[in-house]
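These notes concern the structure reproduced below.
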Amino acid sequence: MIAAVVFDLFGTLVEIQNRQNPYRRLFRIGGQQGRVASQHDLRLIMALNGGLGEAAEALGIRLSFHQLVELQGLLDLELDSITPFADAVPALELLRKHEIKVAVCSNLAGPYCSIVRRLLPGLDGYALSAELGLLKPDREMYRSVCEMLGVWPDEQPANPVRVLTIGDSKRCDESGPRSFGISGHHLDRSGGGRFQDLLSFANSIVAEGSEFCSRA
């Protein structure tokens, strides 16, 4: 049976309509100060439960008061522009109507977490990297969301308990979850692939559940 569905956030459930890239600009200021960018910088940002000032300090970037105010203004513009896709809430409601638990699992910086909770309230789990200090595709990230849901993937053929994920990253939302026994699926809103929108995905899950019940 399908017990739960875990959704990615950005590009899947919500979108940023007014991108200002405040963290990219923070990195640029660091470069102007002679700081050499590291491949671990983005991971640090996504695992930090703090704002721009805390991020700058963790990265060793010096910000003047005016620079911080300017970056915060850009961040606020970006946060205010985050909206759910038209199919997001209907898909979540359809699954919950059929008693399927729903959660989100996403890599995102600290300031975005409260926005997500406000736009998508009352979900069964919020596995957010900045709050957990973990990132997809680490197995511990998928373990955390399963703990929140109280549901564990069970591959026993007789009565399998299935947890599904869907998102726009093949690495983090399709391949990564499969390493933990979760059935990962790729969402391609550009028009390619099996799933191009969340309602068709949710409807396929409901149909599959109905077929399972009719056989039981």
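Only heavy atoms go into these numbers, but all of them, side chains included; no hydrogens, no water, no symmetry mates.
Contact of the T83 side chain with the L119 side chain is not registered, since no non-hydrogen atoms from C-beta on lie closer than 4.5 Å. You'll find the side chain of P111 reaches within 4.5 Å of the side chain of L79, heavy atoms only. L75 is not listed as a side-chain neighbour of Q20, based on a closest heavy-atom distance of 4.5 Å or more. With a 4.5 Å cut-off on side-chain heavy atoms, T165 and C105 do not count as touching. Residues W152 and E147 are in side-chain contact: their nearest non-hydrogen atoms beyond the backbone lie under 4.5 Å apart. Using a 4.5 Å cut-off on side-chain heavy atoms (C-beta onward), K101 and V5 make no contact. Looking only at side-chain heavy atoms (C-beta outward), N107 and L42 stay at 4.5 Å or farther from each other. Looking at F180 and C146, their side chains come closer than 4.5 Å, going by heavy atoms from C-beta outward.
L199 is not connected to F201 by any chain of hydrophobic side-chain contacts under 4.5 Å among Ile, Leu, Val, Met, Phe, Trp and Tyr, and they are in different clusters. Under a hydrophobic-cluster definition in which Ile, Leu, Val, Met, Phe, Trp and Tyr are linked whenever side-chain heavy atoms come within less than 4.5 Å, directly or via other members, L52 and V116 are assigned to the same cluster. Both L13 and I166 sit in one connected hydrophobic cluster of ILVMFWY residues. Membership requires side-chain heavy atoms under 4.5 Å apart, directly or through other members. By the rule that hydrophobic residues join a cluster once side-chain heavy atoms approach within less than 4.5 Å of another member, Y126 and L95 end up as members of one cluster. Taken together through direct or relayed side-chain contacts under 4.5 Å among Ile, Leu, Val, Met, Phe, Trp and Tyr, F10 and F85 form parts of separate hydrophobic clusters.
Under a 3.5 Å cut-off, the side chain of R178 and the backbone N or O of G184 do form a donor-acceptor pair. Remark: side-chain polar atoms of S129 are paired, donor with acceptor, to backbone N or O of M46 under 3.5 angstrom. No donor-acceptor pair closer than 3.5 Å links the side chain of S183 to the backbone N or O of L164.
The heavy-atom pair separating A103 from V145 by the smallest distance is CB-CG2, 3.8 Å. Pairing each heavy atom of A3 with each of V151, the nearest pair is CB-CG1, 3.5 Å. Between C113 and A130 the shortest heavy-atom distance is SG-CB, 4.0 Å.
Separation of atoms CD1 (I16) and OH (Y112) is listed at 5.0 Å; rounding is to 0.5 Å. Considering CD of Q33 and CG of L63, their distance stands at 7.0 Å, rounded to 0.5 Å. Atom CD1 of residue I61 and atom CZ of residue F27 lie 6.5 Å apart, to the nearest 0.5 angstrom. Once rounded to the nearest 0.5 Å, the distance linking NE2 of H66 with CG of L68 reads 11.0 Å. Rounded to the nearest 0.5 angstrom, L198 CG and T12 OG1 are separated by 7.0 Å. A distance of 6.5 Å separates CG in L9 from CG in L128, rounded to the nearest 0.5 Å.
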### Task
Apply side-chain contact (heavy atoms from CB on, under 4.5 Å) to L123 and L92, showing your working.
CA-CA 9 Å; L123 302 186; L92 293 171; 4.2 Å; yes

### Task
Take L120 and V14 through the side-chain contact (heavy atoms from CB on, under 4.5 Å) test and state the conclusion after the steps.
CA-CA 9 Å; L120 302 170; V14 300; 4.2 Å; yes

### Query
Could you go step by step and tell me if V6 and L149 meet the side-chain contact (heavy atoms from CB on, under 4.5 Å) rule?
CA-CA 9 Å; V6 180; L149 293 168; 3.9 Å; yes

### Task
Show your reasoning for whether side-chain contact (heavy atoms from CB on, under 4.5 Å) applies to V102 and F7.
CA-CA 8 Å; V102 292; F7 292 84; 4.1 Å; yes

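Remark: Q17 CD is packed, more than 12 non-hydrogen atoms of other residues, nucleotides or ligands lying under 6.0 Å away. In this structure, E57 places its CD atom where only 12 or fewer heavy-atom neighbours from other residues, nucleotides or ligands lie under 6.0 Å away.
Pairs of residues two or more places apart, or lying in two chains, that qualify as salt bridge (Lys or Arg N to Asp or Glu O under 4.0 Å) and include a residue from residues 107-121 are R117-E131. For residues 8-27, the set of pairs meeting the salt bridge (Lys or Arg N to Asp or Glu O under 4.0 Å) definition, not counting sequence neighbours, comprises D8-K136. Here salt bridge (Lys or Arg N to Asp or Glu O under 4.0 Å) pairs that include residues 59-79, with residues two or more places apart or in two chains, number zero. Here salt bridge (Lys or Arg N to Asp or Glu O under 4.0 Å) pairs that include residues 41-51, with residues two or more places apart or in two chains, are R35-D41, R43-D138.
Shown here are the side chain to side chain donor-acceptor pair (under 3.5 Å) partners of E174, two or more places apart in sequence or in another chain: there are none. Checked against side chain to side chain contact (heavy atoms under 4.5 Å, CB included), D80 has no partners two or more places apart in sequence or in another chain. The salt bridge (Lys or Arg N to Asp or Glu O under 4.0 Å) search around E140 returns R143, not counting sequence neighbours. The side chain to side chain contact (heavy atoms under 4.5 Å, CB included) test applied to A55 returns Y23, L26, I45, L48, not counting sequence neighbours. Under the rule for a salt bridge (Lys or Arg N to Asp or Glu O under 4.0 Å), the partners of R189 that lie at least two apart in sequence or sit in another chain are D87. Every residue was checked against the salt bridge (Lys or Arg N to Asp or Glu O under 4.0 Å) condition with D197, not counting sequence neighbours, and none meets it. With sequence neighbours excluded, the residues forming a salt bridge (Lys or Arg N to Asp or Glu O under 4.0 Å) with R96 are D124, listed by chain and number. Looking at residues two or more places apart in sequence or on another chain, you find no ring pair (Phe, Tyr, Trp, His ring centres under 6.0 Å) involving Y142.
For F195 and H186, the ring centers sit 6.0 Å or farther from each other.
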